[in-house]
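Nothing fancy with the numbering, it's 1 onward along the sequence. Computed from a predicted structure; not experimentally measured.
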Amino acid sequence: MASGEADKQYSAALEENLKKALTELLVLKLLSEKDRYIGELSAAIHDRSNGALTVVFPYGAIYRLQQAGYITEKEKRSAPDGRRRQYFTVTREGKTYLDQLLRTYARFAQGITDILAGGEREE
């Protein structure tokens, strides 16, 4: 395999792993703003990331968050397209978990930013 192909594969794998790691955070954040249905979540992730992120089927994240008690189903209602959709909302426990995830993400992202900026830390 050529080096360029290997680089592309590694980059795609890194992107996929980052997406998997952050999907629950993104879903919780969007649901904390308003109740949404699954298709709306996918579109919001894509739109709000300016097309950088695409999560076509966030069903795994929805299932895990439901099982953990962080989100719950609301009554089905008509979506803007007129179809009946299952909406989801964040629970009180989900809001607490989202706050923890946001703090962890901010600390982690800052650490990466610091490393990429270069230079040694003074003791």
Side-chain angles (χ1 to χ4, degrees):
M1 179 181 323
S3 176
E5 289 178 40
D7 292 345
K8 286 180 184 178
Q9 285 183 347
Y10 178 77
S11 178
L14 175 61
E15 182 177 341
E16 190 61 28
N17 285 328
L18 287 170
K19 192 185 312 183
K20 284 179 183 177
L22 295 173
T23 298
E24 288 183 13
L25 167 69
L26 300 175
V27 166
L28 276 175
K29 175 60 178 162
L30 292 170
L31 289 176
S32 74
E33 297 171 357
K34 71 176 192 174
D35 298 346
R36 298 176 191 263
Y37 62 93
I38 289 179
E40 194 175 16
L41 286 166
S42 297
I45 288 169
H46 183 264
D47 293 345
R48 299 252 308 255
S49 70
N50 296 313
L53 297 173
T54 303
V55 179
V56 179
F57 299 111
Y59 297 101
I62 292 289
Y63 178 74
R64 288 188 301 276
L65 292 167
Q66 270 188 295
Q67 290 295 105
Y70 298 141
I71 64 172
T72 189
E73 293 178 352
K74 301 283 282 186
E75 288 185 29
K76 286 186 178 183
R77 61 180 188 249
S78 293
D81 65 4
R83 294 170 42 182
R84 304 250 329 136
R85 302 284 188 173
Q86 182 65 64
Y87 281 74
F88 296 88
T89 192
V90 177
T91 63
R92 183 175 35 239
E93 294 82 5
K95 289 177 184 176
T96 300
Y97 181 55
L98 174 59
D99 288 342
Q100 292 171 349
L101 289 176
L102 288 170
R103 284 192 303 273
T104 300
Y105 174 78
R107 184 173 33 88
F108 190 78
Q110 185 60 55
I112 291 172
T113 299
D114 292 346
I115 291 168
L116 295 177
E120 295 290 321
R121 287 185 67 179
E122 294 183 20
E123 296 295 322

Looking at every non-hydrogen atom in both residues, tell me the closest pair between Tyr97 and Leu65 and how far apart they are.
CE2-CD2, 4.3 Å

Decide whether Ile112 and Leu22 are clustered together by the hydrophobic rule: side chain heavy atoms of Ile, Leu, Val, Met, Phe, Trp, Tyr closer than 4.5 Å, transitively.
no

Gap between atom CG of Asp35 and atom CD of Glu75 - 0.5 Å precision
11.5 Å

From Gln66 CD over to Thr72 OG1, what is the distance, rounded to the nearest 0.5 angstrom?
6.5 Å

Tyr63 and Tyr70: same hydrophobic cluster, using ILVMFWY side-chain contacts below 4.5 Å?
no

Mind checking whether Ile115 and Leu18 sit in one hydrophobic cluster, side chains of I, L, V, M, F, W, Y counted as touching below 4.5 Å?
no

In this structure, would Tyr105 and Leu102 fall into the same cluster of hydrophobic residues linked by side-chain contacts under 4.5 Å?
yes

The side-chain hydrogen bond (donor to acceptor under 3.5 Å, both in side chains) partners of Asp114 (sequence neighbours excluded) come to Gln110

Hey, does Leu41 have a side-chain heavy atom less than 4.5 Å from the side chain of Leu31?
yes

What distance separates Leu53 CG from Asp47 CG, expressed to the nearest 0.5 Å?
11.5 Å

Greater than 12 external heavy atoms within 6.0 Å of Lys19's NZ
yes

Taken to the nearest 0.5 Å, the spacing of Ile62 CD1 from Glu73 CD works out to 9.5 Å

Which of these, Leu30, Leu26, Ile38, sits in a side chain to side chain contact (heavy atoms under 4.5 Å, CB included) with Pro58?
Ile38

Which value, rounded to the nearest 0.5 Å, describes the distance between Thr89 atom OG1 and Lys95 atom NZ?
6.5 Å

Between Ser32 (side chain only) and Lys29 (backbone N and O only), is there a donor and an acceptor less than 3.5 Å apart?
yes

Under the rule for side-chain hydrogen bond (donor to acceptor under 3.5 Å, both in side chains), what residues qualify as partners of Thr91, not counting sequence neighbours?
Glu93

Quick check on the hydrophobic clustering: are Phe88 and Tyr59 connected, directly or via other members, by side-chain heavy-atom contacts under 4.5 Å?
yes

Here the side chain to side chain donor-acceptor pair (under 3.5 Å) pairs for residues 77-88, sequence neighbours left out, are Asp81-Arg85

Could you measure the distance from the CD atom of Glu40 to the CD1 atom of Ile45? Nearest 0.5 Å is fine.
11.5 Å

Flag side-chain contact, heavy atom, 4.5 Å: Leu98 against Val90
no

